[in-house]
Visitor: 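This is the structure I have questions about; it appears just below.
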Amino acid sequence: ITVGELFDLCRLLFDRIDKDYPGVPIYFLAMKHCKHREAIRDRQAMFNGLMKEYASVSDQLIFVDTCTALLTEDGAIDTTLFVDDNLHLNGDGYIRWRELLRPLLIR
């Protein structure tokens with residue numbers, strides 16, 4: 001599936017959610033970069049950019065940049081935040097996500 005096709009599918013899903021549940025906020029978590037999927041990092045970044053831009057003009061969609069929180073200062077993947085499969089987050093990785101998400105969900 002291409003980045004454009006995935007983006008179109010997401011927009012269809014968001015339209016359906018808005019139709020069925022008008023006004024309910026949708027928190028979209030960015031695709032995270034990880035060593036396991038490093039070969040598609042550019043496509044993930046492109047998709048995240050499209051979603052961020054789309055959310056900026058939506059009253060319902062909130063883009064949450066959970067990706068950047070898992071990178072080092074120089075933009076490399078912080079491998080200390082993942083379990084051995086280099087795909088799933090470990091406890092420290094989820095703590096980073098929690099720090100981003102908690103304030104959004106509390107309000």
Side-chain angles (χ1 to χ4, degrees):
I1 187 169
T2 68
V3 171
E5 290 168 335
L6 180 58
F7 180 63
D8 288 342
L9 289 171
C10 287
R11 289 188 306 171
L12 288 171
L13 173 64
F14 300 147
D15 288 346
R16 180 58 191 242
I17 292 170
D18 184 44
K19 181 180 178 182
D20 291 348
Y21 305 98
V24 173
I26 302 168
Y27 293 87
F28 183 85
L29 306 186
M31 284 187 181
K32 71 181 185 305
H33 300 319
C34 62
K35 288 286 185 187
H36 184 77
R37 295 194 174 128
E38 199 161 25
I40 62 169
R41 183 174 176 164
D42 290 344
R43 288 184 282 174
Q44 289 175 323
M46 184 185 304
F47 179 75
N48 286 342
L50 288 170
M51 291 306 300
K52 183 177 182 178
E53 184 177 329
Y54 185 67
S56 73
V57 297
S58 170
D59 294 331
Q60 187 175 20
L61 183 64
I62 298 104
F63 178 83
V64 184
D65 185 4
T66 50
C67 180
T68 302
L70 305 176
L71 303 177
T72 62
E73 286 184 20
D74 64 354
I77 297 162
D78 188 345
T79 57
T80 66
L81 301 174
F82 293 84
V83 297
D84 291 339
D85 67 2
N86 292 310
L87 174 65
H88 297 94
L89 296 175
N90 63 22
D92 291 336
Y94 282 114
I95 287 170
R96 296 245 182 123
W97 274 15
R98 182 182 69 202
E99 290 169 0
L100 288 171
L101 294 170
R102 180 178 280 167
L104 296 173
L105 297 175
I106 287 176
R107 67 178 158 132

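Worth saying up front: this structure is predicted, and the values here are computed from it rather than measured. The first residue of the sequence shown is numbered 1, and numbering continues consecutively from there.
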Visitor: Between Leu71 and Ile77, which heavy-atom pair has the shortest distance, and what is it?
Guide: CD2-CA, 3.9 Å

Visitor: Any salt bridge (Lys or Arg N to Asp or Glu O under 4.0 Å) involving residues 77-106? Give me the pairs, sequence neighbours left out, ordered by first then second residue.
Guide: Asp78-Arg96

Visitor: Thr68: which residues meet the side-chain hydrogen bond (donor to acceptor under 3.5 Å, both in side chains) condition with it, sequence neighbours left out?
Guide: Asp65

Visitor: On a heavy-atom basis, which atom in Asn90 and which in Thr80 lie closest, and how many Å separate them?
Guide: ND2-O, 2.7 Å

Visitor: Under 4.5 Å between side-chain heavy atoms, hopping through other hydrophobics if needed: is there a path connecting Val57 to Ile26?
Guide: no

Visitor: Not counting sequence neighbours, which residues clear side chain to side chain contact (heavy atoms under 4.5 Å, CB included) with Ser58? List them please.
Guide: Gln60, Leu61

Visitor: Find out whether Val64 and Trp97 are in side-chain contact, i.e. whether some heavy atom of one side chain is under 4.5 Å from a heavy atom of the other.
Guide: no

Visitor: Would Leu105 end up clustered with Ile95 when hydrophobic side chains under 4.5 Å apart are linked, directly or stepwise?
Guide: no

Visitor: Going by the ring-ring contact (aromatic ring centres under 6.0 Å, His included) test, which pairs reach into residues 31-50, not counting sequence neighbours?
Guide: Phe28-Phe47

Visitor: Find the distance between CE (Met51) and CG (Leu6) and round it off to the nearest 0.5 Å.
Guide: 8.0 Å

Visitor: Could you note down all residue pairs passing salt bridge (Lys or Arg N to Asp or Glu O under 4.0 Å) where residues 42-51 supplies at least one of them, sequence neighbours left out?
Guide: none

Visitor: Is there a continuous path of hydrophobic side-chain contacts, each under 4.5 Å between heavy atoms, that joins Met31 to Tyr94?
Guide: no

Visitor: Can you get from Ile40 to Met46 by hopping between Ile, Leu, Val, Met, Phe, Trp and Tyr side chains that sit under 4.5 Å apart?
Guide: no

Visitor: Could you give all pairs that pass the salt bridge (Lys or Arg N to Asp or Glu O under 4.0 Å) test and reach residues 48-62, with sequence neighbours left out?
Guide: none

Visitor: Suppose the criterion is ring-ring contact (aromatic ring centres under 6.0 Å, His included): which pairs have a residue in residues 58-87, not counting sequence neighbours?
Guide: none

Visitor: Mind checking the SG-CG spacing from Cys34 to Leu87? Nearest 0.5 Å is all I need.
Guide: 5.0 Å

Visitor: Locate the shortest heavy-atom distance separating Leu81 from Ala69; write the atom from each residue and the value.
Guide: CD1-O, 4.1 Å

Visitor: Please find the pair of heavy atoms, one from Leu70 and one from Gly93, that lie closest to each other, and give the distance.
Guide: CD2-O, 4.1 Å

Visitor: Please name all residues satisfying side-chain hydrogen bond (donor to acceptor under 3.5 Å, both in side chains) with Asp74, sequence neighbours left out, ordered by chain then number.
Guide: Thr72

Visitor: With sequence neighbours left out, which residue pairs that include part of residues 13-27 fulfil the side chain to side chain donor-acceptor pair (under 3.5 Å) condition?
Guide: Arg16-Asp20

Visitor: Can you run down the salt bridge (Lys or Arg N to Asp or Glu O under 4.0 Å) pairs that involve residues 26-36, sequence neighbours left out, and say none if there aren't any?
Guide: Lys35-Glu38

Visitor: Can you name the side-chain hydrogen bond (donor to acceptor under 3.5 Å, both in side chains) partners of Asp8, sequence neighbours left out?
Guide: Arg11

Visitor: State yes or no: do Leu50 and Leu13 share one hydrophobic cluster built from I, L, V, M, F, W and Y residues joined by side-chain heavy-atom distances below 4.5 Å, directly or via other members?
Guide: yes

